[in-house]
Amino acid sequence: MLKYLPKTRTDIFAFAFTLGGIHAVLMLELFFVLPWIMDQYQPYSSMKYYFHIFATTFLYINTIGNLWKTIVTDTTNGSVVLPSILKPGWKFCSACEANSPPRSYHCGICRRCILKRDHHCTFTGNCIGFRNYRYYMLLILHCWLASVYANVMNLGFIWMIIGEDVLSLHRLIFPFFAWVMRSIDIYTMIKSFVLMICIGVSCLLTALLGYHIGNVWRGQTTYERSHRIKQYDLGWKENLKGVFGEKWYLTFFSPFITSDLPEDGIDFMTSAKYESPKDM
Ligand SMILES: [Zn+2]
Ligand SMILES: [Zn+2]
């Protein structure tokens, strides 16, 4: 269990922010925003209520489930014995004292070589690579959906907090300052703080998700994108399978659906071989 936990101080802080942020927004929606909305629109239809409970549960299970799978999935070569001879495209990793396959890179924080390494994600405290990229992508997708959904739900609640006056927007943007100035009480300050986190995270996730969708679409890792390496682009459908597996279209619904990856993380199909298989 210990090996899955974040290792550096920055990772511990960022991971605590991830878990704390998810649960703070969830609590705000369930115990303050939804009851407030139901109170405003009397009589509130039970269909609408159950829809919100279902959507929230779905997004929560997928967020936490994908976060869990991102962390516990082994991103290294595992029990596969790496060859002692340096094959073409391979490199020697002096830290691991082993030959490392193409697209694999050493992570100084995780202290091991990660297959098809994308980046070290400080918010999950782990590296993102060949085997957990699916879970990472669906974690940020569900987190983004949840934050946008929460922001839409929060609009009326925010309007109420700022006293239906745009000039009191500081109550939302600078809640601590507004509390010190006795413009709001301490509970409203906490709610404003969580509302602001939700807006900020939503903006950040829009950029992050857009960037990674581009990578998946083109069959690139972050390193390959920055170095203009395009040799693994097999077309959008094969690229999707390379990240989400053969049942890529089902992975959105649950992190617990098995979807086998077509490759082993060590040998990768290149676009040149894919287009003219007779040369293999
Ligand atoms: Zn290494
Ligand atoms: Zn790492």
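Since the model is a prediction, treat every value here as computed from it, not as a measurement.
In this structure, a donor-acceptor pair under 3.5 Å is absent between the side chains of Asn126 and Thr124. Looking only at atom types and distance, the side chain of Trp144 has a donor-acceptor partner in the side chain of Thr206 under 3.5 Å away. With no hydrogens or angles considered, no side-chain donor-acceptor pair links Tyr105 and His120 at under 3.5 Å. No side-chain donor-acceptor contact under 3.5 Å links Thr73 and Arg131. Inspection of the Glu29 and Asn154 side chains reveals an N or O donor paired with an N or O acceptor under 3.5 Å. Side chain to side chain, Asp233 and Ser271 fail the donor-acceptor criterion of an N or O pair below 3.5 Å. Counted by atom type alone, Asp11 and Thr122 present one or more donor-acceptor pairs between their side chains at under 3.5 Å.
For Phe92, the CZ atom is densely surrounded, since the number of other residues' heavy atoms within 6.0 Å is greater than 12. A 6.0 Å sphere centred on CZ of Phe256 holds more than 12 heavy atoms belonging to other residues, nucleotides or ligands.
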For this session: Given ring-ring contact (aromatic ring centres under 6.0 Å, His included), test His23 with Tyr60 step by step and report yes or no.
Result: CA-CA 9 Å; His23 289 96; Tyr60 180 73; 5.5 Å; yes
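Side-chain heavy atoms closer than 4.5 Å link hydrophobic residues (I, L, V, M, F, W, Y) into clusters, and following such links, possibly through other members, connects Leu30 to Ile64.
In this structure, Glu224 contributes its side chain and Thr221 its backbone to a donor-acceptor pair below 3.5 Å.
Considering only residues two or more places apart in sequence or on other chains, Phe58 meets the ring-ring contact (aromatic ring centres under 6.0 Å, His included) condition with His142, Phe252. Remark: Thr188 engages Asp185 in a side chain to side chain donor-acceptor pair (under 3.5 Å) (not counting sequence neighbours). Judged as a side-chain contact (heavy atoms from CB on, under 4.5 Å), and not counting sequence neighbours, the contacts of Tyr49 are Leu34, Met38, Tyr44, Ile53.
Note that the OG1 atom of Thr76 and the CG atom of Leu115 stand 6.5 Å from one another [nearest 0.5 Å].
Under a cutoff of 6.0 Å and an axis angle of 45°, Arg103 and Phe130 do not form a cation-pi pair.
Aromatic ring centroids of Tyr136 and His212 lie under 6.0 Å apart.
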